[in-house]
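First comes the structure, then the notes that go with it.
Each chain gets a letter, A, B and so on, in the order its sequence line appears, and its residues count up from 1. Since this is a predicted model, take the numbers as computed values, not measurements.
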Amino acid sequence: DQQVKQNSPSLSVQEGRISILNCDYTNSMFDYFLWYKKYPAEGPTFLISISSIKDKNEDGRFTVFLNKSAKHLSLHIVPSQPGDSAVYFCAALSSGSARQLTFGSGTQLTVLP
Amino acid sequence: ETGVTQSPTHLIKTRGQQVTLRCSSQSGHNTVSWYQQALGQGPQFIFQYYREEENGRGNFPPRFSGLQFPNYSSELNVNALELDDSALYLCASSLATNQETQYFGPGTRLLVL
């Protein structure tokens, strides 16, 4: 039972254009959502997060949108750069004392020069 | 400020053996979480340690165990290794009061033959 789903295993975008990565979740008890970026042979690197009480959070080229009624979030990267090419993981943080991250399966983003 | 470090980087074991993986948390972080990432999947939560005690556990059998030391570093032990234990093992550190931001180490790649 996958509580966090990334339905697109890969995405290719032209440099300078917008990249949109999508994520769906099923558990209403998640209270924070995060995006991580992962290069081969490295651990995931935190990118941006959003609290469940907000619908948008922006940090430079990265914006995360949360639609609670649809249990959907998306990461927008504008403009996309070749260095953004990596695997992007959506993760949800559970409430409670042990705040475990539940990850999606990732989306490989390739930004073409 | 040092980041999260893990050792060893790679390990090859045979079925039935035991393995110990190590993690040093980021300076000042008192909470360590361990994740297993199988090929093509997102990381899966194994357990979390806080104040030298297990503070939450995912869906992993008891042969996965851990320790946390007074300096907040941590070990993951896996007994009776199975072929399916082959994965990237990641640890993440955070402050117990700010688990919205978890910093990951580079991981240990374990291969079980």
Any donor-acceptor pair under 3.5 Å from N67(A) side chain to A70(A) backbone: yes

N/O donor-acceptor pair under 3.5 Å between E42(A) side chain and Y39(A) backbone: no

Which atoms of Q100(A) approach chain B - backbone, side chain, both or neither, heavy atom under 4.5 Å: both

Transitive ILVMFWY side-chain link F30(A) to F65(A), under 4.5 Å: no

Contacting region of Y50(B) [heavy-atom separation from chain A under 4.5 Å]: neither

Cluster check L34(A), L47(A): I/L/V/M/F/W/Y, side chain < 4.5 angstrom: no

Partner of D24(A) under side chain to side chain donor-acceptor pair (under 3.5 Å), chosen from Q6(A), K5(A), H72(A): H72(A)

Aromatic ring proximity F47(B)/F45(B), centre distance under 6.0 Å: no

Considering all heavy atoms, the nearest L90(B)-G43(A) contact: CD2-CA, 4.1 Å

OG1 on T63(A) to CD on E58(A), rounded to 0.5 Å: 4.0 Å

Whether over 12 other heavy atoms sit under 6.0 Å from R63(B) CZ: yes

Contact residues of residues 74-93 of chain A (partner chain B; heavy-atom separation under 4.5 angstrom): F89(A), L93(A)

Within residues 101-113 of chain B, residues adjacent to chain A where the heavy-atom gap is under 4.5 Å: Q102(B), F104(B), G105(B), P106(B)

Same apolar cluster: V19(B) and W34(B), side chain cutoff 4.5 Å: yes

Within one Ile-Leu-Val-Met-Phe-Trp-Tyr cluster: Y49(B) and L21(B), side-chain cutoff 4.5 Å: yes

I48(A) with V13(A), same ILVMFWY side-chain cluster at under 4.5 Å: yes

Sidechain-backbone polar pair: R51(B) side chain, N55(B) backbone, donor-acceptor under 3.5 Å: no

Chain B neighbours within residues 101-113 of chain A, where any heavy atom lies under 4.5 Å away: L101(A), F103(A), G104(A), S105(A)

Minimal non-hydrogen separation, L66(A) against S51(A), with atom names: CD2-O, 3.8 Å

Check against side chain to side chain donor-acceptor pair (under 3.5 Å), Q48(B) and Q99(B): CA-CA 11 Å; Q48(B) 182 184 87; Q99(B) 293 186 53; 2.8 Å; yes

Nearest-0.5 Å distance that lies between atom CZ in R99(A) and atom OG in S33(B): 11.5 Å

Whether F33(A) and Y25(A) hold their rings parallel, tilted or perpendicular, with breakpoints at 30° and 60°: tilted

R61(A), CZ: over 12 other non-hydrogen atoms inside 6.0 angstrom: yes

Heavy-atom contacts under 4.5 Å, residues 71-89 of chain B to chain A: L88(B)

Atom group of Q41(B) that falls short of 4.5 Å from chain A, counting heavy atoms: backbone

